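Heavy atoms only: backbone and side chains are in, while hydrogens, waters and symmetry mates are out. On a predicted model such as this, the values are computed, not experimentally measured, just so you know.
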Amino acid sequence: MELPDQAARWGGFALGVLAPPLLVLLLALGITTVWAGLDGGPTYGIAVTGTRDLAAALDRYRARYHRIPDAKEGGLARLAPEFLPAVPNDPWGRPYIYDPSGPSWADVMSYGADGKAGGNGADGDVSARFGRLGARPPGFLHAFASLLLMGAALAAALAGARHLWCASVLAGMSAFWGGLLLAMVGAFQSLLGPLAFAAGIGALTGAVAVLRDLPYARLVAFLAVVSAYLLVQLLMVGFT
């Protein structure tokens, strides 16, 4: 194989792996810039760090006990001293908000300087899982993000018939979503766990099939990307 083909194949694959997280990051930055307002300075940054530290401790708790602490058992207080020396208050002296949504997933929040839901700047809400919330963006943005991510995969699948690098981009996307789904398998409950595992393996298999230019590989990879994306979305928002 000639060097240009190698460069197109592996360069496109690398672009496909990087494209989904970069698109999500750019969308998040845009949403934060337009709707979240000012970040409120260093004190607000401490609140952001605090929520994320508590969420990381929750994740360690879940990894050990295969569930999150029940609110009736004390919620975040159950993290100390096994997973944290102590459970801190937010930088304005109020307890962080424990927001469980199912047996395996929870968010940690602070309502900012004013202690009330909503607001912008230093008064904006902060979420461990979703970052600075501020004023709520319009609901259509989630649909737009999904359309952008899946549209990019569809465009790569269609253009892959004529352009090697486009097919390789699709392979990279399939590998990304398959790997992400496999990394999250343990968080799925009941029958969704094996389904997520199978979908993750299918996405990785689709990536290999595209790279090897097997028949119907681009169709299989695209369907695997869509399936993996839907399952990731189910885990992230299905309990809310």
Show, in sequence, the C-alpha distance, side-chain angles and deciding distance for Asp59 and Arg129, and conclude whether the salt bridge (charged side-chain N to carboxylate O under 4.0 Å, His left out) test is met. CA-CA 11 Å; Asp59 291 339; Arg129 307 298 187 182; 3.2 Å; yes

Run the numbers on Arg60 and Glu82 for salt bridge (charged side-chain N to carboxylate O under 4.0 Å, His left out), then give the verdict. CA-CA 10 Å; Arg60 294 194 294 272; Glu82 186 175 4; over 6 Å; no

Evaluation steps, side-chain contact (heavy atoms from CB on, under 4.5 Å), between Ile97 and Tyr111: CA-CA 8 Å; Ile97 298 161; Tyr111 283 155; 3.3 Å; yes

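Here the shortest heavy-atom pairing between Ala159 and Cys166 reads CB-SG, 3.7 Å. Of all non-hydrogen atoms in Val220 and Gly206, the two that sit nearest each other are CG1-CA, 4.5 Å. Considering every non-hydrogen atom in both Ala221 and Ser174, the closest pair reads O-OG, 4.0 Å. Taking every heavy atom of both residues into account, Val210 and Ala167 meet most closely at CG1-O, 3.1 Å. The heavy-atom pair separating Leu181 from Ala199 by the smallest distance is CD2-CB, 3.5 Å. Heavy-atom minimum distance, Arg94 versus Gly112: NH2-O, 2.5 Å.
Val225 and Leu18 are assigned to two separate hydrophobic clusters, defined by single-linkage of ILVMFWY side chains at heavy-atom distances under 4.5 Å. With hydrophobic clusters built from ILVMFWY side chains whose heavy atoms lie under 4.5 angstrom apart, Val232 shares a cluster with Leu148. Ile46 and Leu54 fall into different hydrophobic clusters, where Ile, Leu, Val, Met, Phe, Trp and Tyr residues are linked whenever their side-chain heavy atoms come under 4.5 Å apart, directly or through other members. Following chains of ILVMFWY side-chain contacts shorter than 4.5 Å, one can reach Leu58 starting from Tyr96, so the two form part of one hydrophobic cluster. Tracing side-chain contacts under 4.5 Å through hydrophobic residues (I, L, V, M, F, W, Y), one reaches Leu154 starting from Val24; they form part of the same cluster.
Taken from CG in Leu79 to CG in Asp53, the straight-line distance is 11.5 Å, to the nearest 0.5 Å. How far CZ of Phe144 is from CG of Leu149: 9.5 Å, rounded to the nearest 0.5 Å. Note: Glu73 CD to Arg67 CZ = 4.5 Å, rounded to the nearest 0.5 Å. In this structure, the separation between CE on Met184 and CG on Leu231 is 10.0 Å, given to the nearest 0.5 Å. Taken to the nearest 0.5 Å, the CG atom of Leu170 stands 12.0 Å off from the CG atom of Leu15. Annotation: the span from Asp90 atom CG to Thr51 atom OG1 amounts to 10.0 Å, rounded to 0.5 Å.
In this structure, Trp105 and Pro100 have side chains that are not in contact, with every pair of non-hydrogen atoms separated by 4.5 Å or more. Using a 4.5 Å heavy-atom threshold, the side chains of Leu204 and Phe176 count as separate.
Considering only residues two or more places apart in sequence or on other chains, Phe83 meets the ring-ring contact (aromatic ring centres under 6.0 Å, His included) condition with Tyr61.
Between the side chain of Arg218 and the main chain of Ala157, a donor-acceptor pair closer than 3.5 Å is present. Side-chain atoms of Ser168 come within 3.5 Å of backbone N or O of Arg9 as a donor-acceptor pair. Remark: the backbone N or O of Ala128 is paired with a side-chain donor or acceptor of Asp107 at under 3.5 angstrom.
For the ring pair (Phe, Tyr, Trp, His ring centres under 6.0 Å) condition, the pairs that include at least one residue of residues 189-230, sequence neighbours left out, are Trp177-Tyr229.
Annotation: Asp213, atom CG; neighbour count of heavy atoms from other residues, nucleotides and ligands within 6.0 Å does not exceed 12.
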